[in-house]
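These notes concern the structure reproduced below.
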Amino acid sequence: NLVPKLFVNLYNSYIKGDMSSAVKLQKLAYKVLDVIYRGSADTFFYNVKYALRKLGVDVGYPRKPYREPSKEEAKEIDNLLNWLKEEKLV
């Protein structure tokens with residue numbers, strides 16, 4: 001999981017009945033998924049692995065037919081990771 005802290009906090013908020021926090025965290029989760037799933041089906045695995053490598057997790061590289069994210073997609077992922085770090089979610 002790319003952002004386990006986010007999903008653990010989301011789950012805990014829901015279990016506690018704190019729907020306001022749960023909804024806020026769910027919206028953050030959608031933001032993460034929007035960036036990672038952006039592009040096409042042939043970039044999803046590469047996007048995840050790219051992001052994890054940027055976070056210092058050596059997950060290697062996906063095999064063909066998956067392709068690297070474009071420079072634009074990589075920049076979006078980098079911006080997302082910087083934002084997640086600022087929010088202390090990674």
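There is a path of hydrophobic side-chain contacts, each under 4.5 Å, that joins Ile77 to Val59. Residue Val23 is not grouped with residue Val32 when hydrophobic side chains (ILVMFWY) are merged at heavy-atom distances under 4.5 angstrom, including chains of intermediate members. When hydrophobic clusters are built by joining Ile, Leu, Val, Met, Phe, Trp and Tyr residues whose side-chain heavy atoms come closer than 4.5 Å, directly or via intermediates, Leu33 is grouped together with Val35. No continuous path of ILVMFWY side-chain contacts below 4.5 Å connects Val8 to Leu52, so the two sit in separate hydrophobic clusters.
Two residues are said to be in side-chain contact when any heavy atoms from C-beta on lie closer than 4.5 Å; Lys5 and Val90 fail this criterion. Residues Asp78 and Lys54 have side chains in contact (heavy-atom distance under 4.5 Å, counting atoms from C-beta outward). Side-chain contact between Val57 and Arg53 is absent, with no heavy-atom pair separated by less than 4.5 Å. Counting heavy atoms from C-beta on, the side chains of Pro69 and Asn47 come closer than 4.5 Å. Put simply, the side chain of Leu55 reaches to within 4.5 Å of the side chain of Leu2, judged on heavy atoms. The closest side-chain heavy-atom distance from Arg67 to Glu73 is below 4.5 Å.
Taking each heavy atom of Leu81 and Ala51 in turn, the nearest pair found is CD1-O, 3.8 Å.
Contacts classified as ring pair (Phe, Tyr, Trp, His ring centres under 6.0 Å) and involving residues 63-87 (residues at least two apart or in different chains) are given here: Phe45-Tyr66.
Note that CG of Leu6 is 11.5 Å distant from NZ of Lys31, once rounded to the nearest 0.5 Å. Note that the OG1 atom of Thr43 and the NZ atom of Lys49 stand 14.0 Å from one another [nearest 0.5 Å]. The distance from the OH atom of Tyr61 to the OH atom of Tyr46 is 6.0 Å, given to the nearest 0.5 Å. To the nearest 0.5 Å, atoms CG (Leu89) and CG (Leu25) are separated by 7.5 Å. Taken to the nearest 0.5 Å, the OG atom of Ser13 stands 8.0 Å off from the CE atom of Met19. In this structure, the separation between CD on Glu76 and OG on Ser70 is 7.5 Å, given to the nearest 0.5 Å.
Looking only at distances, no side-chain donor or acceptor of Glu87 sits under 3.5 Å from a matching main-chain atom of Leu84.
Heavy-atom neighbours of Tyr14 OH from other residues, nucleotides or ligands within 6.0 Å: at or below the threshold of 12.
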